[in-house]
Visitor: 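The structure that follows is given in the form of structure tokens.
Residues take their numbers from the sequence shown, with the count starting at 1. As a basis for the values below, the full set of heavy atoms in this structure was taken, side chains included, without hydrogen atoms, waters or symmetry mates.
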Amino acid sequence: MTKKKKGPKNQDRNLITKGIFTVLEKDPNASYNYKQIAAKLGITDANKRNVLVKRLVQLKEKKRIIEESRGKYKAVARDTKTYHTGKVDITSKGNAYIVIEGLEDDVFISSNKLKKAFHRDIVEVYIFPRRKGRKLEGEITKIIERDKTNFVGIVQLQKNYAFVTATDFRMYTDFFIPKDKINNAKDGDKVIVKMNDWPDDADSPYGEIVEVLGKPGEHNTEIHSILAEYGLPYEFPLEVENYANKIDTSIKADEIAKRRDMRDTLTFTIDPKDAKDFDDALSFLKLENGNYEIGVHIADVSHYLQPDTILDDEAYDRATSVYLVDRVVPMLPEVLSNNACSLRPNEEKYTFSAVFEINEKAELINQWFGRTVINSNERFAYEEAQHIIETGENTIPEAISIRENGAYSVSNEIVDATITLDKLAKIMRGKRMNAGAISFDKVEVRFSLDEDANPTGVYFKESKDANKLIEEFMLLANRKVAEFIGKQKPEKTFIYRVHNEPNEEKLANLNGIISRFGHKLDFKSKKTISSSLNQLLEDVKGKKEQNLVDTLAIRSMSKAIYTTDNIGHYGLAFNYYSHFTSPIRRYPDVMVHRLLQHYLDGGASAKQEIYEEKCKHSSDMEGLAASAERDSIKYMQIKFMDDHKDSEFVGVISGVTEWGIYVEIIDNKCEGMVRIRDIKDDYYTFDEKSYSIVGQRTNNSYQLGEQVVVMVKSTDLVKRHLDFSLLRKAE
């Protein structure tokens, strides 16, 4: 049976109504007669003018507009206490909360008061007078800005039209597609639909299919769907690729002459073994006074990426590279990201550098910032550098070598440099921890994939000394660049990476959960909170509750963002912090390079409002990229579990809700749901206070953090759902 839709017969009336509000609300203090409104809307047709006059009278009678004097109308004055602007957060039940900056509580909106707003739209909301003991409630009065107009969905083809049902569970409507807008899509295809209009009298918005992604469940279809759902591209426009390919990437003598020449200084890179772009290198020189000159050299992306070009516009729009489970969607085309800006060994490269003189106690004696040219001597994988640190040997064994010819040897100078840098990094890390930094070493899940991108196994990425060595020197460069600009007087506009203090209520909730495992936080002071958090993260390492505790601890933290307003970085315990070290994959680092050079050249402070807007965009895009990355991991986990339907798994209850329990498998970190309706031995209800579900007859309970045995019940790659059957509690 097909759904019947109301036709667009009242479209003129709807457009005129919208037009009236647009005119009156543009200048809420002015009043207009119907002729003035008609002129502003370009209405010359007599019939439409009659409709306009009738609508003005109807809207006045409904008190939606005011007749200030005979025949002159104005907008209803807004009470700023009850009208607010915020972002829509739609729940799985179809209701919503409006997140309003500066308001402590989110505003609940029931599904019948959404006024056609979608998830993440910016809206105006009217807040009802608060009833005692009740949450804030309201209704959406206006959509100010759509978060997106393109959506991913599945086509249901009819004879003369189609519907597209969105795959995002937060979308509560389908899209009506006229026959001439179907764009050759076949029934059941996964597509991108563009929303064009939603007439007041239509059940569904009108749209057009702008891209056919493929058949649901196919690997590339699903990966491209994940990107499309967040509005992220998966290829560069042809004109951008062409522009990038025409850039002169050769190293010029006249450009070298403008830079500090560090080509003769011992330099090397340490990166993941499968890395394609190397955007940072370390140089090491022992000085005559016994101190060390250590250079942190970063690819000079801003030399090639010039402002006000189509390439820069594209990089800004993307704002970040996206790391999906089977691929990287880069911020910059390959000619820059993998070639010109990649600090490959034995190639001269332009870099932007932070060069430090450091003594053997890891104290900073001197610093220098500026443009350089380097020639990297070696490229190491983390495993190879780790071998040098652990053994002090200069031979890299075949088992971990990333070179085609197997085992190889490096110079004694490289070994000495690596071991010295490791010692200094450990001292610097110790100082950070003592200052109150928090050590999040969350286990990262990685998949072994075959040539068709099917998962053949799961492994966990571990952070060892070699990773931490690089991390400490990158943190040093980021911090010192931010300090160098941040402490200048008069104050200069700059891009900071800030991290606010954690929410105490969330920390208290965390404390309640971890107490079940015998842990606790100390709330006496900021210092005791951070030190007890570190102790907690250390204590759970290798235990069944590690991933649960790590996840909950991260959720209790504020989110790090980019801004021109420096409030410091709580998690790192730095008063000044920025992002300087990854311009190949993060646009804020490109802006930091440009601003740093501008100020080194004696330039005046840049306009704060412009950069604050760019910071907000960068933070938003970072959030979308992180969501896409999580979805791609979830997709691969479901694909992996689909091949293990007959196996029993021991898992930890990682979440408890009124509709079921989430279980995370200990061996592979795959998370799925046991629906409450599928637990047949009793009737279970959700107990919010104890984070558990409790059987009404037996009083049997399943609690957050408890171990259970499960099997795969069903997998859905299209909706990215993994359901488990609960077998029993673990021994």
Side-chain angles (χ1 to χ4, degrees), residues 5-88 96 98 100-103 107-118 120-130 136-147 149 173 176 195-206:
K5 300 282 170 183
K6 295 177 189 172
K9 58 184 178 182
N10 296 321
Q11 215 158 350
D12 284 349
R13 196 187 72 157
N14 296 334
L15 289 171
I16 288 167
T17 305
K18 281 181 190 171
I20 290 168
F21 283 113
T22 303
V23 170
L24 298 185
E25 287 174 2
K26 195 168 185 183
D27 188 354
N29 297 318
S31 56
Y32 301 95
N33 61 31
Y34 84 91
K35 288 181 182 174
Q36 292 168 312
I37 296 170
K40 284 183 179 290
L41 295 177
I43 293 173
T44 52
D45 178 87
N47 289 334
K48 287 183 182 176
R49 285 186 115 177
N50 288 337
V51 172
L52 172 65
V53 173
K54 279 182 188 171
R55 286 305 285 145
L56 285 167
V57 173
Q58 287 166 350
L59 291 170
K60 181 199 79 169
E61 286 169 355
K62 289 180 180 176
K63 297 192 166 67
R64 291 180 68 191
I65 62 173
I66 295 166
E67 187 175 17
E68 192 175 46
S69 57
R70 188 171 171 80
K72 297 203 84 176
Y73 301 93
K74 67 181 287 187
V76 175
R78 293 294 201 218
D79 177 357
T80 54
K81 287 179 184 172
T82 52
Y83 285 90
H84 294 266
T85 299
K87 187 179 276 191
V88 180
I98 310 298
I100 297 166
E101 212 172 305
L103 218 61
V107 182
F108 176 78
I109 310 288
S110 61
S111 56
N112 62 335
K113 293 185 169 62
L114 283 171
K115 295 280 169 67
K116 300 179 178 175
F118 294 149
R120 292 178 60 85
D121 285 352
I122 304 297
V123 297
E124 179 188 79
V125 59
Y126 172 77
I127 300 175
F128 302 143
R130 192 168 197 161
L136 275 185
E137 292 189 40
E139 67 177 331
I140 291 169
T141 50
K142 186 165 62 174
I143 296 165
I144 295 170
E145 188 186 331
R146 287 276 187 204
D147 174 61
T149 52
T173 181
F176 175 77
M195 176 175 158
N196 290 331
D197 185 29
W198 195 345
D200 284 351
D201 58 347
D203 294 343
S204 298
Y206 286 34

Visitor: With Ser31 as reference, evaluate Glu68, Lys74, Glu67, Gln36 under the side-chain hydrogen bond (donor to acceptor under 3.5 Å, both in side chains) test and give the passing residue.
Guide: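 Checked Glu68, Lys74, Glu67, Gln36 against Ser31; only one passes side-chain hydrogen bond (donor to acceptor under 3.5 Å, both in side chains): Glu68.
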Visitor: If I compare all heavy atoms of Val123 with all of Ala117, which pair ends up nearest, and what's the gap?
Guide: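 The pair with the smallest heavy-atom distance is CG1-CB, 3.9 Å.
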Visitor: Side chains of Val57 and Glu61, heavy atoms from C-beta outward: is any pair under 4.5 Å?
Guide: yes
Visitor: At their closest point, which heavy atom of Ile43 faces which heavy atom of Arg49, and how far apart are they?
Guide: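 So the two residues come closest at CG2-CG, 3.7 Å.
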Visitor: What distance do Thr85 atom OG1 and Ile122 atom CD1 have between them, rounded to the nearest 0.5 Å?
Guide: 8.5 Å
Visitor: So, Lys116 side chain and Pro199 main chain: donor-acceptor pair closer than 3.5 Å or not?
Guide: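 Yes, Lys116 side chain to Pro199 backbone: donor-acceptor pair under 3.5 Å.
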Visitor: About how many Å separate OG1 of Thr17 and CG of Leu52, when rounded to the nearest 0.5 Å?
Guide: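 Spacing of CG (Leu52) from OG1 (Thr17) equals 9.0 Å.
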Visitor: Under a 4.5 Å cut-off applied to non-hydrogen side-chain atoms, are Tyr32 and Asp27 in contact?
Guide: yes
Visitor: Are Ile37 and Leu24 packed together at the side-chain level, in the sense that at least one heavy-atom pair is separated by less than 4.5 angstrom?
Guide: yes
Visitor: Rounded to the nearest 0.5 Å, what separation is found between the OG1 atom of Thr141 and the NZ atom of Lys113?
Guide: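 Interatomic distance, Thr141 OG1 to Lys113 NZ, rounded to 0.5 Å: 13.0 Å.
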Visitor: Atom CD in Glu124, atom CD1 in Ile144: separation rounded to 0.5 Å?
Guide: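 If we round to the nearest 0.5 Å, Glu124:CD and Ile144:CD1 are 6.0 Å apart.
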Visitor: Below 4.0 angstrom, N of the basic side chain to O of the carboxylate: do Lys142 and Glu25 qualify?
Guide: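 Glu25 and Lys142: salt-bridged.
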Visitor: What are the two closest heavy atoms between Asp147 and Asp121, and how far apart are they?
Guide: N-OD1, 2.8 Å
Visitor: Are Val88 and Phe118 packed together at the side-chain level, in the sense that at least one heavy-atom pair is separated by less than 4.5 angstrom?
Guide: no
Visitor: side-chain contact (heavy atoms from CB on, under 4.5 Å), that's the test. Do Tyr126 and Ile109 meet it? Break it down for me.
Guide: CA-CA 10 Å; Tyr126 172 77; Ile109 310 288; over 6 Å; no
Visitor: With heavy-atom distances below 4.5 Å as the criterion, would you say the side chains of Glu101 and Lys87 are in contact?
Guide: no
Visitor: With rounding to the nearest 0.5 angstrom, report the CG to CD1 distance, Leu136 to Ile127.
Guide: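 CD1 of Ile127 is found 5.5 Å from CG of Leu136.
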Visitor: Quick check: closest heavy atoms across Pro205 and Thr173, and the distance to 0.1 Å?
Guide: CD-OG1, 3.5 Å
Visitor: Which atom names give the shortest non-hydrogen contact between Ile140 and Lys115, and what distance separates them?
Guide: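 In terms of heavy atoms, the two residues are closest at O-CG, 2.9 Å.
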Visitor: Can you measure from CD1 (Ile66) to CG (Leu59) and round to the nearest 0.5 angstrom?
Guide: 12.5 Å
Visitor: Check Lys18 against Trp198 and note the closest heavy-atom contact, atom names and distance.
Guide: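 Heavy atoms of Lys18 and Trp198 come nearest at NZ-O, 4.5 Å.
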